[in-house]
Amino acid sequence: MCDTRKRVKVEGYAAASVNIMASISAKHGILSTKSSLQNKILPFSVCIQRATEVKSLRASTNSTNQHNEKYCIDLVRSRDYDGFVCSLLLPESARRSSLALRALNVELAQVKDSVSQKTIGLMRMQFWKTAVEEIYRDDPPVQPIGIELWKAVRKHTLTKRWMLRIITEREKDLEDRAYRTLQELETYSENTQSSLLYLLLETLGVKDVHADHAASHIGKAQGIVTCLRATPHHSRRRRVYLPMDICMLHGVSQEDFIRGSRDQNIRDVVYDIASQAHVHLQHARSFSKSVPAAASAAFLQTVVLEDYLQRVRKVDFDVFHPSLQKRNPLLALQLYIRSWKTTY
C-alpha cells in the first residue's frame, strides 16, 4: 500500500514538472518568436519611415522650386508681358533661365519708381550686387529670383560681368534726370538691354561675334523704344527722360511733354528718336546671314520694336495717341510666326 502511494505521488510530481517545463518552454517560445518577428519587421518599419521622410523632403523641395519659378513667371508676365511671350517661345532648355534673367531685369527696373529716396534704391541695388557675388560662390540668397538665377548660372555658365553691368547701370539711373544726349540713352540701353541679350544668347549656347553685334544694336533699339513708350506714363508723373539735345534742337521744353502737347515740334522730337531706333534695327538685321539660326530666338523682341515703330509712324509720331497705349492683339501670333521662321 505504501509503495503504491509513493509511486502515485512521484508520478504526480513528475507530471507537474512536465507541465511546468512545458509552460516555460511555451512562454520562451512565444518570446523568442516575438523577438524574431520584431527583428524581421523593424528594418521594414525603419525603411518605410525613411522613405516617408525622403518623400516629404522631396515634396517640400519640389513645392519650393515651383514657388520660385512661379514667382518669376508672375513678375515677368505682369511687368514685361512682351518679354514673357518671347521667353515662352524659347527652347525648353533655356525657357526657365530666360524668365529668371527677365525677372531680375524687371526687379531692377522697378526700383526707380518704387522708392521714395535714392538711398533706399542704392541699398536695394547693393543687395543685388551682393546676391550676384553669392550666386557665383554657390551660396545664393534665399529669395526666388536669386535661387532661379543660381540655377541658370550653374546650368549655362552665365557671365557674371553682364549681370553686374545691368545692376551698375540701373544704379546710375537712380539720379532721376533726363538723358543729356541721345548717345547717353544708347549707352544706357547697351549696358542694360544689350547685356540682357548677351545673357539670353548664353542660355541658348550661342557664342558668336556676329550675334553679339546684332544683340548690341537690338538692345539699343529696345532701350530707345522703351523710353518713347513710357513717355506718356512719365509725363503724367511730371517726369521727362527723353534726350535733352534732341528736345533743344526742336525748341521743346520738358513742360511741353508734361502738358501732353501734340504740336509738330513734339512730333519732330519723337520722329528723330524713333528714327534712331529704326537705324539700330536695320544694323542688327544686316548681320542676319552671319548670325547662327539658334540666336534668332533671343532676338524675338525685334517684332515688338518693329510693331511699335510702325504704329507710331501711322499716327504721325504723336507719342500721346491713345492707340499706342493699347496692346496689339496679334502680337503673340506675329512672335510665333517669327520664331517658326527662325528669323529676326
Side-chain angles (χ1 to χ4, degrees), residues 44-115 120-168 170-171 192 195-205 297-298 300-301 332:
F44 289 102
S45 301
V46 172
C47 288
I48 291 171
Q49 183 179 358
R50 288 178 180 174
T52 303
E53 291 174 354
V54 170
K55 187 176 180 180
S56 176
L57 180 61
R58 286 176 179 172
S60 176
T61 303
N62 290 336
S63 176
T64 302
N65 288 335
Q66 290 174 0
H67 168 73
N68 293 338
E69 184 180 18
K70 186 177 183 301
Y71 179 91
C72 292
I73 290 173
D74 291 344
L75 179 62
V76 177
R77 180 167 46 197
S78 62
R79 302 303 298 269
D80 180 19
Y81 184 78
D82 296 334
F84 169 72
V85 176
C86 290
S87 292
L88 294 183
L89 294 172
L90 290 179
E92 186 176 356
S93 60
R95 197 174 303 150
R96 185 167 181 171
S97 299
S98 168
L99 287 166
L101 290 168
R102 290 190 184 279
L104 173 65
N105 191 51
V106 169
E107 181 74 16
L108 296 172
Q110 65 184 7
V111 169
K112 185 175 181 177
D113 291 333
S114 62
V115 298
I120 299 174
L122 291 173
M123 291 172 62
R124 290 178 63 174
M125 292 299 180
Q126 185 57 49
F127 166 82
W128 283 111
K129 283 183 180 179
T130 304
V132 169
E133 295 292 346
E134 291 174 342
I135 285 169
Y136 280 86
R137 290 198 300 264
D138 276 340
D139 185 25
V142 183
Q143 197 270 357
I145 299 176
I147 297 295
E148 290 296 296
L149 282 176
W150 172 65
K151 292 179 180 178
V153 168
R154 294 186 66 188
K155 184 175 183 179
H156 305 286
T157 319
L158 302 178
T159 303
K160 179 170 68 171
R161 176 162 56 100
W162 302 133
M163 286 194 203
L164 290 177
R165 192 162 83 159
I166 295 173
I167 299 171
T168 301
R170 294 287 190 186
E171 185 178 53
T192 53
S195 295
L196 176 62
L197 289 176
Y198 299 148
L199 290 165
L200 291 178
L201 286 173
E202 289 183 345
T203 65
L204 294 167
L300 288 174
Q301 198 76 18

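Positions are given from 1 along the sequence.
P141 approaches I147 most closely through the heavy-atom pair O-CD1, 3.5 Å. Shortest non-hydrogen contact noted between A100 and L149 is O-CD2, 3.8 Å. Nearest heavy-atom pair across I135 and G146 is CD1-O, 3.6 Å.
Taken to the nearest 0.5 Å, the CG atom of L164 stands 10.5 Å off from the OG atom of S195. The distance from the CD1 atom of I167 to the CD atom of E107 is 10.5 Å, given to the nearest 0.5 Å. Summarising the geometry, atom CZ belonging to R95 is positioned 11.5 Å from atom OG1 belonging to T203; distances are rounded to the nearest 0.5 Å. To the nearest 0.5 Å, atom CG of residue L204 and atom CG of residue L200 are 7.0 Å apart. Separating the CG atom in L196 from the CE atom in M163 is a distance of 10.0 Å, to the nearest 0.5 Å.
Partners of T192 according to the side chain to side chain donor-acceptor pair (under 3.5 Å) rule, which considers only residues two or more places apart in sequence or in another chain, do not exist here. The side chain to side chain donor-acceptor pair (under 3.5 Å) check on W150 picks up D138, with sequence neighbours excluded. Take N68 and apply the side chain to side chain donor-acceptor pair (under 3.5 Å) test, not counting sequence neighbours, and it matches no residue. Applying the side-chain contact (heavy atoms from CB on, under 4.5 Å) criterion to K70, with sequence neighbours excluded, gives D74. In this structure, the side-chain contact (heavy atoms from CB on, under 4.5 Å) partners of S114, at least two apart in sequence or on a different chain, are R124. With sequence neighbours left out, the side-chain contact (heavy atoms from CB on, under 4.5 Å) criterion links A103 to C72, L75, V76, I145. Residues passing the salt bridge (Lys or Arg N to Asp or Glu O under 4.0 Å) test with E171 are K129, sequence neighbours excluded. Residues satisfying the side chain to side chain donor-acceptor pair (under 3.5 Å) test with E134, not counting sequence neighbours, are none. The ring-ring contact (aromatic ring centres under 6.0 Å, His included) test applied to Y198 returns W162, not counting sequence neighbours. Partners of R161 under the side-chain contact (heavy atoms from CB on, under 4.5 Å) rule, at least two apart in sequence or in another chain, are T159.
Judged as a salt bridge (Lys or Arg N to Asp or Glu O under 4.0 Å), the pairs with a partner in residues 139-157 (not counting sequence neighbours) are, in order, R96-E148, E148-K151.
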Notebook entry, point to check: How far apart are the C-alpha atoms of V111 and R170, what are their side-chain angles, what is the distance that settles it, and do they pass the side-chain contact (heavy atoms from CB on, under 4.5 Å) test?
Noted result: CA-CA 9 Å; V111 169; R170 294 287 190 186; over 6 Å; no
Next item on the list: Check the pair T157 / E202 against side-chain contact (heavy atoms from CB on, under 4.5 Å), numbers first and verdict last.
Entry: CA-CA 8 Å; T157 319; E202 289 183 345; over 6 Å; no
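The 12-atom threshold is not exceeded at CZ of R79, counting heavy atoms of other residues, nucleotides or ligands nearer than 6.0 Å.
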Would you tabulate the side-chain donor-acceptor contacts of residues 87-94 under 3.5 Å, counting partners in other chains and residues two or more places apart, or write 'none'?
from, atom 1, to, atom 2, distance (Å)
S87, OG, G83, O, 3.1
S87, OG, S98, OG, 2.8
S87, OG, R102, NE, 3.0

